[in-house]
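Both ligands and their constituent atoms are indexed starting at 1 by order of listing.
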Amino acid sequence: MQHFISPADVTDVHALIQQGLAAKANPFADNHLGKNKTIGLLFFNSSLRTRLSTQKAAQNLGMNVMVMNVGQDSWGLEMEEAIEGHPVIMNGDKAEHVKEAAAVMGRYCDIIGIRAFAELKDRDKDYRELVMAQFQRYAGRPIINLESATRHPLQSLADCITITEANQVAKSGATPAKVVLTWLPHFKALPQAVANSFCEWMNPLANAGEIEFVVTHPPGYELAPQYVGNARVEYDQNKAFEGADFVYGKNWSSYAHYGQVLTQDPSWMVTMDKMRLTNDGKFMHCLPVRRNVKVADEVLDSPQSLVIEQAANREWSAQAVLREILVTRFS
Ligand code: CP
């Protein structure tokens, strides 16, 4: 694995899931792999799980870790390039260009992880993934996506690990598990990254007949075609929940009416009445979650909720990815 930006960087998703489960069973088995290697984690946005789980995973592998909040601990970074002979004139609030910043970080770090959310103002700009692209271009080091404008692959890998584990426990492998991604109400515009990524990782499993995958949301919240792919879209949430083994909740803002909140319809909140429509299904959410806005306490506090185990599995998804990059690039 050269970089970890999307599932396109993964040769064998099933092997990577198994690697995550192996790391969970024996966290320090590979603690020699990261000896004298340093990872730098750059955060343009807040984080609890990604920040701590990636640090922990790197430490489990014996790596040194440096963490920086861009713009607070460091200078604000300019990402744009000259266009058609028109140079970028840096007379605004950005004191350093990514060309220097990424190149310098590449001298200090062997691997670089970056979190940079969508700004939700300009769809084309967000979907160009400029921050990831510029660090890949200038750092000269493997880049790990810690949630970008359009994707959150470490979360999706942790979700795959969580679903695999729960399916093993349920021993329901005879029929493909039904996995439902449901939009949740929220007053604030949130990026599409988690939902996009979840579709991107679930669709190949659905195409291979390993799961049944359904996406449900109110009209106007259709995800970008390249992410929703050939997933079944069901506008009736109750119908989507029928017989579900896994319900994955997430809010996202509109892609078509970019970054807008079109509705906050509270009837889309996940309650125990909704979960009763499922096949004793498990509830998943990437966290953080606003209780009783998106999901009722009765669901989050029930045995059907997997959210804590899912967050715990972030350590093992990060460890599987870091291990793969260390083996590929540095062994
Ligand atoms: N799920 C997730 O990425 O959590 P954080 O934003 O806290 O890192």
Apply the test ring-ring contact (aromatic ring centres under 6.0 Å, His included) to residues Tyr127 and Tyr255: give CA-CA distance (whole Å), side-chain angles for both, the deciding distance (0.1 Å), then the verdict.
-> CA-CA 11 Å; Tyr127 275 68; Tyr255 174 75; 5.2 Å; yes
Nearest non-hydrogen contact to atom 6 (O) of ligand 1 from the set Lys250, Arg51, Arg115 belongs to Arg115
Could you check His217 against Tyr235 for ring-ring contact (aromatic ring centres under 6.0 Å, His included), going step by step and ending with a plain yes or no?
-> CA-CA 6 Å; His217 55 72; Tyr235 293 101; 5.3 Å; yes
Which atoms of ligand 1 have any heavy atom of Cys286 under 4.0 Å away?
-> 1 (N)
Any ion pair linking Glu80 and Lys94 (charged N to carboxylate O, less than 4.0 Å)?
-> no
What is the closest protein heavy atom to atom 4 (O) of ligand 1, and at what distance does it sit?
-> Arg49 NE, 2.9 Å
Could you tell me whether Asp159 and Lys250 have a side-chain N and a carboxylate O separated by less than 4.0 Å?
-> no
Aromatic rings Phe135 and Phe44: how do their planes relate, parallel, tilted or perpendicular, breaks at 30° and 60°?
-> perpendicular
Sidechain N-carboxylate O distance under 4.0 Å for Glu81, Arg137 | yes
Taking only non-hydrogen atoms of Leu287 and a 4.0 Å limit, the atoms of ligand 1 in range are 1 (N), 2 (C), 4 (O)
Looking at ligand 1, does any of its N/O atoms fall within less than 3.5 Å of an N/O of Gln155?
-> yes
Quick one: which ligand 1 atoms are inside 4.0 Å of a heavy atom on His152?
-> 2 (C), 3 (O)
Contacting atoms of ligand 1, where contact means under 4.0 angstrom from a heavy atom of Arg314 = 1 (N), 2 (C), 3 (O)
Sequence neighbours excluded, which residues qualify as side-chain hydrogen bond (donor to acceptor under 3.5 Å, both in side chains) partners of Glu315?
-> Lys56, Asn60
Provide, to 0.1 Å, the distance between atom 7 (O) of ligand 1 and the closest protein heavy atom, together with that atom's residue and name.
-> Leu48 N, 2.7 Å
Could you tell me whether some N/O pair between Ser47 and ligand 1 is separated by less than 3.5 angstrom?
-> yes
